[in-house]
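Single-structure report; data block below.
Each chain gets a letter, A, B and so on, in the order the sequences are listed, and its residues count up from 1. Keep in mind that the numbers below use all heavy atoms, side chains included, and drop hydrogens, waters and symmetry copies. These figures come from a predicted structure and were not determined experimentally.
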Amino acid sequence: MTQKIVLVGNGPVGHRFLEQMVKSGRIDDFEITVFGEEPRVAYDRVHLTAWFEERDAGPLNMVEGDFYADHGITCHVGDQVLAVDREAQTVTSAAGLCLPYDKLVLATGSYPFVPPVPGHDRDNCFVYRTIEDLEAITAASENAKTGTVVGGGLLGLEAAKALHDLGLKTHVVEFAPRLMAVQVDDGGGNILRKKIEDLGVSVHTQKNTREIVDGDNAVHKMNFADETELETDILVFSAGIRPRDELGRDSGLAIGERGGIIINDLCQTSDDNVYAIGEVALWGGRIYGLIAPGNTMAQVAADHITDSVTSTFEGADMSTKLKLMGVDVASVGDAHGNTEGALSYTYVNEADEVYKKIVISGDRQHLLGAVLVGDAEDYGNLLQFALNKITLPDQPDSMILPNVEGGGAALGVDALPDTATLCSCNNVSKGDLVEAVQAGCHTMGAIKDATTAATGCGGCAALVTQVMNAEMEKLGIEVNTDICEHFPYTRQDLFNLVKVEKIKSFQELLGRHGKGLGCDICKPAVASILAATWNDYILENDHGGLQDTNDRYLANMQKDGTYSVVPRVAGGEITPDKLIVLGEVAKKYDLYTKITGGQRVDLFGARAEQLPLIWKELIDAGFESGHAYGKSLRTCKSCVGSTWCRYGVQDSVGMAILLENRYKGLRSPHKLKMAVSGCTRECAEAQSKDVGVIATEKGWNLYVCGNGGMKPRHADLLATDIDDATLIRYIDRFFMFYVRTADRLQRTSVWMDNMEGGLSYLQSVIIDDRLGIAEELETDMAHIVDTYQCEWKTTIEDPVKVKQFSHFVNSDATDDNVVFVREREQIRPATAEERQGDILATA
Amino acid sequence: MSNWTDICQVDDILPNAGRAALFNGQQVAIFRICDNDGERFFAVDNYCPFAHANVLARGIVGSIGEELVVASPIYKQHFSLSDGHCLEDDSQSLRTWSVQRDGDTLQLTA
């Protein structure tokens with residue numbers, strides 16, 4: 001028999017409860033109904049201010065697709081539950097619904113507290129909690145010049161930023177002597193105030209609003225207890241929250257003295273069949289107004305109701321780190337030093353507006369709390385010390401003092417014990433990381449692979465990087481990102497120099513920014529950068545000597561110094577006539593012939609001087625270079641798609657040909673492979689490619705950063721159900737962003753693994769254009785596409801270039817060291833023994 | 001006086017690149033180095049003792065510290081252009097030849 005669950009409240013915590021119920025795998029055993037009084041389903045209230053970016057509730061929505069229908073959940077939107085009858089176990093809603101429940105979950109959240117001063121209910125007075133509030137504030141701002149927020153806490157400053165961004169002259173009025181009174185102390189508050197005033201926001205502290213009346217020059221006038229006044233057109237109250245506990249009160253549940261429905265460690269109220277979670281719940285005499293504890297409560301309640309794992313709510317650490325109006329603010333543990341005997345250290349830098357304070361125990365053993373304003377980089381480190389009760393260094397102040405050259409103790413991550421958990425998502429300790437570094441993991445990508453650290457929320461990435469660097473330093477491994485001894489720059493630096501200074505040749509770059517003659521590291525790297533930027537013919541006299549031997553001879557050198565030839569067969573589609581030409585050419589020059597994994601044909605055993613002759617015949621037959629020799633786009637593999645396949649939903653071959661022809665010749669830090677599958681059966685193995693495209697009923701799913709090879713990696717889903725034009729636009733941006741920012745010889749998979757922020761960062765750059773460079777990336781790609789040339793066609797048309805392919809500069813003789821034997825009716829290089837035994841075949 | 005043999009024109013070899021030449025039945029890799037110190041020529045074996053193939057003329061030239069080098073295109077070992085020694089492996093070295101420029105012609109001698 002299914003149990004009936006009624007959830008009252010469809011906010012972030014309520015929704016998390018539903019997600020946890022789904023995750024339990026037992027959702028089918030329950031009949032769940034959720035009520036929400038707001039006119040829309042759950043949205044991300046934590047990031048409410050983001051609504052202003054597009055003035056659209058869409059991006060804040062937390063409910064994916066057909067979540068409710070998929071899991072058999074009934075959702076009532078815009079209907080408030082008015083009464084609970086605990087005896088009959090029913091709830092009654094405003095719309096007149098009366099539903100029975102076996103278990104009731106109250107996630108009604110809180111409401112903004114509005115001080116009961118006379119005039120608080122005048123027009124143009126708002127609160128800051130729902131999307132409707134923001135819509136009303138925005139509408140009112142159109143006829144307003146000034147806006148004032150009552151309350152200088154975390155949410156108040158968020159609201160102030162919103163008013164400021166709406167173009168209003170903004171004031172913040174705070175009753176306490178400082179901003180963010182809960183999280184920071186006086187010193188931190190001063191710096192915070194200064195920084196916020198620098199932005200043009202006026203801050204008024206120690207102001208007790210006595211009344212709000214008609215203004216002389218604005219809508220309102222606020223009269224303060226100290227006889228001062230402030231005129232403003234709009235008022236937003238953000239003076240704290242109060243739990244929405246009326247259902248609990250009316251139904252006789254135990255309520256805290258100052259409000260909140262009392263819960264036990266299992267999130268049960270005084271009635272075992274009624275749970276309360278989130279901001280309405282009072283645990284240990286405390287209301288938790290942050291999202292993380294709310295999420296934990298949601299999980300505990302769901303675990304208990306589904307009878308899965310036993311979890312309990314045991315309070316939560318209220319440490320926070322955030323960016324308010326561009327200012328970094330962080331607070332750890334006992335920020336005010338309320339613990340008996342606590343001692344503190346303070347660092348104030350008025351010049352750069354930085355404030356740091358740590359609070360330590362009276363016995364000087366442990367960190368109790370911290371306040372950081374203006375520079376919160378130490379947050380992760382300090383939080384670790386506080387949470388893990390790590391023994392402090394002899395001079396605890398060195399933890400917040402700037403690391404001045406020549407001074408400053410080497411502390412930071414070194415002081416963490418090996419047992420400290422750095423990645424709490426995946427429970428990875430410092431010791432695990434140290435072990436990984438000692439075992440040879442010297443990049444973030446390798447560390448993530450080996451330990452899974454920083455692969456969850458990513459919040460520990462900075463700390464993990466520090467541990468890695470510190471450990472490498474201890475092992476004497478130099479962390480030098482210079483590309484080689486000739487340029488004190490990374491590949492990305494060189495790319496920017498070439499682009500910004502419009503540098504067209506290696507000599508020019510070396511003259512301006514390098515030293516020595518160059519080498520086999522920097523020359524091919526710069527050649528690739530020049531090609532990806534200007535796309536000149538790669539064997540131009542200035543460029544020829546830079547190319548790796550494969551690029552220099554436009555073919556792949558094999559172990560005996562001969563080359564292989566791979567003409568382009570876009571999408572793997574080839575006519576019988578062309579296939580015959582390949583066979584004829586291979587036969588004429590006696591080339592070993594093999595089908596490649598990229599759906600084309602590789603012809604081996606060509607001597608350098610034969611290459612132009614072979615290519616003349618191939619080009620005359622309509623072939624072009626396959627760029628198999630370059631760090632460049634190789635192939636776009638495809639399955640046969642909707643044209644022939646009874647399962648295909650899109651023309652995958654057509655798309656593959658289009659994509660391969662668009663990006664052919666693009667030079668990149670490493671080789672690039674693509675594939676297009678015509679349906680989810682994925683016969684083209686697109687998820688193992690740098691760019692993989694899989695057809696859907698509605699368009700295409702775009703996958704990126706996959707890899708086969710030595711270290712296989714499944715590609716990540718970047719975008720879903722996009723049309724042809726969007727697909728190409730995103731791939732343009734993706735490839736160019738990779739070409740610009742990757743290290744030399746770094747595959748897209750490793751590039752992604754080392755990227756701070758990972759997939760979501762990449763999505764924000766490619767899809768949301770977070771860096772504002774999308775148009776530039778597209779323009780750069782358009783240049784590459786427009787200036788494509790078949791390098792082999794250009795080469796065979798130039799007799800001077802063709803001359804470079806002869807083995808000897810002074811003789812028509814061939815290399816007598818190249819010796820083949822026959823095996824399975826084809827040639828192969830002779831082994832050393834075969835050479836000595838003189839078992840020779842004709843070359 | 002040594003005997004100089006004409007090999008090719010200077011411009012047959014691209015700046016900062018090499019070409020192979022047949023000299024007294026042996027394969028010689030000739031390199032043309034152009035930098036701030038002007039233009040210089042070097043000649044070493046074309047045969048790479050690691051790859052057992054005649055490929056060094058197709059290697060990338062450059063400098064490591066003060067040493068002018070060519071990198072084998074197959075397994076990337078570096079050889080000194082001036083005395084032929086291998087920077088990665090003391091036990092291997094290349095023979096060297098003297099190169100001179102006579103007008104636009106390059107000449108080799110043993």
Side-chain angles (χ1 to χ4, degrees), chain A residues 484-486 505-507 510-511 514-524 527 539-553 555 557-563 607-609 800-801 803-819 829-832 835, chain B residues 5-23 25-37 40 46-48 50-78 81 105-108:
Chain A
C484 67
E485 67 179 61
H486 304 104
S505 75
F506 179 80
Q507 291 306 334
L510 188 70
K515 62 172 189 192
L517 202 62
C519 66
D520 52 312
I521 305 286
C522 58
K523 282 184 171 181
L539 295 186
E540 282 298 335
N541 286 354
D542 280 349
H543 302 331
L546 308 176
Q547 311 293 346
D548 250 327
T549 189
N550 286 358
D551 269 322
R552 182 150 168 223
Y553 287 86
M557 186 187 266
Q558 304 300 327
K559 60 192 280 187
D560 62 347
T562 64
Y563 291 88
R607 295 191 310 273
E609 65 271 17
V800 178
K801 289 282 181 302
K803 244 176 94 182
Q804 293 284 330
F805 284 81
S806 68
H807 187 72
F808 293 116
V809 67
N810 61 343
S811 164
D812 290 333
T814 57
D815 182 1
D816 59 7
N817 185 53
V818 172
V819 182
T831 64
R835 285 163 187 272
Chain B
T5 305
D6 289 356
I7 298 295
C8 61
Q9 298 297 296
V10 169
D11 286 342
D12 288 337
I13 306 178
L14 294 173
N16 294 312
R19 287 300 304 273
L22 197 56
F23 177 63
Q26 298 169 80
Q27 294 204 19
V28 178
I30 307 176
F31 297 96
R32 177 183 177 193
I33 303 295
C34 308
D35 61 10
N36 296 338
D37 298 338
R40 285 160 292 162
N46 191 34
Y47 184 80
C48 171
F50 297 97
H52 306 292
N54 291 306
V55 294
L56 291 179
R58 296 178 232 164
I60 292 179
V61 295
S63 63
I64 292 183
E66 297 299 308
E67 193 86 60
L68 294 178
V69 296
V70 61
S72 170
I74 297 202
Y75 297 121
K76 316 292 178 194
Q77 293 90 354
H78 298 89
L81 291 181
T105 306
L106 282 185
Q107 300 176 322
L108 275 182

Side chain, backbone, both or neither of [X] within contact of chain B (heavy atoms, under 4.5 Å):
X        : result
A:Leu546 : backbone
A:Asp548 : both
A:Ser806 : both

Given a strict heavy-atom distance threshold of 4.5 Å, which part of [X] is in contact with chain A: side chain, backbone, both, or neither?
X       : result
B:Ile30 : neither
B:Asn46 : side chain
B:Arg58 : both

Least distance between heavy atoms, B:Cys34 atom then A:Leu517 atom:
O-CD1, 4.3 Å
Closest non-hydrogen atom pair, A:Gly545 against B:Ala17:
CA-CB, 4.4 Å
To the nearest 0.5 Å, how far apart are [atom1] in [X] and [atom2] in [Y]?
X        : Y        : atom1 : atom2 : value
B:Gln27  : A:Asp816 : CD    : CG    : 6.0 Å
A:Gln804 : B:Asp12  : CD    : CG    : 7.5 Å
B:Lys76  : A:Thr549 : NZ    : OG1   : 7.5 Å
B:Leu14  : A:Lys801 : CG    : NZ    : 7.0 Å
B:Gln9   : A:Asn810 : CD    : CG    : 12.0 Å

side-chain contact (heavy atoms from CB on, under 4.5 Å) partner of B:Asn54, chosen from A:Asp815, A:Asp560, A:Val818
A:Asp815
Check: A:Lys559 side chain, B:Ile74 main-chain N or O, donor-acceptor pair, under 3.5 Å
no
Among the listed options [options], the residue most often paired with chain A at heavy-atom distances under 4.5 Å:
options                            : value
B:Val70, B:Leu22, B:Val55          : B:Leu22
B:Cys48, B:Gly18, B:Pro73, B:Ala21 : B:Ala21
B:Asp6, B:Ile64, B:Val69           : B:Ile64
B:Ala20, B:Pro15, B:Ala51          : B:Ala20

Compare all side-chain heavy atoms of A:Asn817 with those of B:His52 and state whether any distance is below 4.5 angstrom.
no
Does A:Arg552 reach the side chain of B:Ile60, with side-chain heavy atoms less than 4.5 Å apart?
no
Please lay out, stage by stage, how B:Ser63 and A:Lys515 fare under the test side-chain contact (heavy atoms from CB on, under 4.5 Å).
CA-CA 10 Å; B:Ser63 63; A:Lys515 62 172 189 192; over 6 Å; no
